[in-house]
Enquirer: 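Just passing along the structure, written as structure tokens.
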Amino acid sequence: MQERRNQKREHLVHYLRVFDSRTDTLTGQLVDITPNGIMLISNRHIEPGSMFQFRMDFPEEVLGKTHLEFQSECVWSRVDINPDMYAVGFTLKNMLREDVDIIQALIDEYRDS
């Protein structure tokens, strides 16, 4: 698969939980993040092209927020190293400037350096 990412993936020291906002069900754990996309580890295959409204909960306030809601589209899904799990990549859609600032603050605060 050709790499199309133009920003470095950042691994965070916290595996943040990401929920489907419409059903309030856990979709997966955040593995890495950029202001344009995320990768989750999920217990289910997600079909590329699927659209989601996600909520990501934070361990503490980030720029005055305890969570972030955003639209996302699945761009790929494959079996993880653990064959019971899936690694799933998403592109972030229709992000507001303030949401991008929150993601950058998350990266700055929780980057696994």
Side-chain angles (χ1 to χ4, degrees):
M1 177 186 327
Q2 182 182 3
E3 183 70 40
R4 296 183 307 209
R5 184 175 305 101
N6 59 10
Q7 292 181 318
K8 180 181 180 280
R9 289 179 172 180
E10 297 289 351
H11 299 274
L12 305 183
V13 295
H14 292 285
Y15 284 120
L16 304 178
R17 298 184 309 167
V18 178
F19 296 87
D20 182 326
S21 294
R22 296 178 185 127
T23 62
D24 202 34
T25 57
L26 181 66
T27 301
Q29 302 274 0
L30 182 76
V31 174
D32 61 43
I33 188 169
T34 74
N36 296 324
I38 60 173
M39 184 174 96
L40 302 180
I41 294 297
S42 181
N43 63 358
R44 65 186 175 99
H45 170 74
I46 297 174
E47 193 65 35
S50 300
M51 297 294 294
F52 288 88
Q53 180 70 31
F54 281 144
R55 183 187 81 244
M56 181 170 38
D57 294 336
F58 307 148
E60 57 191 13
E61 277 192 14
V62 175
L63 298 180
K65 303 262 186 157
T66 58
H67 68 278
L68 178 65
E69 293 208 22
F70 55 94
Q71 292 179 340
S72 194
E73 180 180 1
C74 178
V75 291
W76 56 266
S77 181
R78 62 179 175 254
V79 175
D80 188 43
I81 293 170
N82 173 347
D84 296 329
M85 304 298 284
Y86 293 87
V88 188
F90 294 88
T91 186
L92 306 181
K93 300 285 192 178
N94 305 318
M95 297 295 286
L96 301 174
R97 180 73 229 165
E98 64 191 46
D99 296 338
V100 173
D101 291 345
I102 290 170
I103 288 173
Q104 190 59 55
L106 273 173
I107 291 169
D108 294 344
E109 180 71 23
Y110 298 116
R111 178 182 289 126
D112 184 15
S113 317

Enquirer: With sequence neighbours left out, what residues match D20 under side chain to side chain donor-acceptor pair (under 3.5 Å)?
Expert: none
Enquirer: Quick one: list whatever passes side-chain contact (heavy atoms from CB on, under 4.5 Å) with E61, sequence neighbours left out.
Expert: T66
Enquirer: Give me each pair satisfying side-chain hydrogen bond (donor to acceptor under 3.5 Å, both in side chains) with a member in residues 84-94, each pair once, sequence neighbours excluded.
Expert: Q71-N94, E73-K93
Enquirer: For F19, what are the other residues in its hydrophobic cluster, where any two members join if their side-chain heavy atoms are less than 4.5 angstrom apart?
Expert: L26
Enquirer: Not counting sequence neighbours, which residues clear salt bridge (charged side-chain N to carboxylate O under 4.0 Å, His left out) with R97? List them please.
Expert: D101
Enquirer: If I take atom CG from residue D57 and atom NZ from residue K65, how far apart are they, to the nearest 0.5 angstrom?
Expert: 13.0 Å
Enquirer: Mind checking whether F90 and F54 have ring centres under 6.0 Å apart?
Expert: yes
Enquirer: Are the side chains of I103 and I33 in contact, using a 4.5 Å heavy-atom criterion?
Expert: yes
Enquirer: Side-chain contact, heavy-atom cut-off 4.5 Å: Q29 with V18?
Expert: no
Enquirer: Please list, chain by chain and in numerical order, all residues satisfying side chain to side chain donor-acceptor pair (under 3.5 Å) with D24, sequence neighbours excluded.
Expert: R55
Enquirer: Heavy atoms only: give me the nearest L92-S72 pair and the separation to one decimal.
Expert: CD2-OG, 3.9 Å
Enquirer: First locate atom CG of L40, then atom CE of M85, and finally report the distance between them rounded to the nearest 0.5 Å.
Expert: 10.0 Å
Enquirer: The test is side-chain contact (heavy atoms from CB on, under 4.5 Å); show your working for W76 and V88 and say whether it passes.
Expert: CA-CA 6 Å; W76 56 266; V88 188; 5.5 Å; no
Enquirer: Please set out all donor-acceptor pairs under 3.5 angstrom arising from side-chain atoms of residues 41-49, sequence neighbours excluded.
Expert:
residue : atom : partner : partner atom : Å
S42     : OG   : T27     : O            : 2.7
S42     : OG   : R44     : N            : 3.3
S42     : OG   : R44     : O            : 3.4
H45     : ND1  : S77     : OG           : 3.1
H45     : NE2  : E47     : OE1          : 3.4

Enquirer: State, to 0.1 Å, how close A105 and V62 come at their nearest heavy-atom pair, and which atoms those are.
Expert: CB-CG1, 3.7 Å
Enquirer: Between I38 and D32, is any pair of side-chain heavy atoms under 4.5 Å apart?
Expert: no
Enquirer: Could you list the residues that satisfy side chain to side chain donor-acceptor pair (under 3.5 Å) with Q104, not counting sequence neighbours?
Expert: D108
Enquirer: Tell me, with the steps shown, if R17 and M56 meet side-chain contact (heavy atoms from CB on, under 4.5 Å).
Expert: CA-CA 6 Å; R17 298 184 309 167; M56 181 170 38; over 6 Å; no
Enquirer: Under the side-chain contact (heavy atoms from CB on, under 4.5 Å) test, which residues partner L96, sequence neighbours left out?
Expert: E98, D99
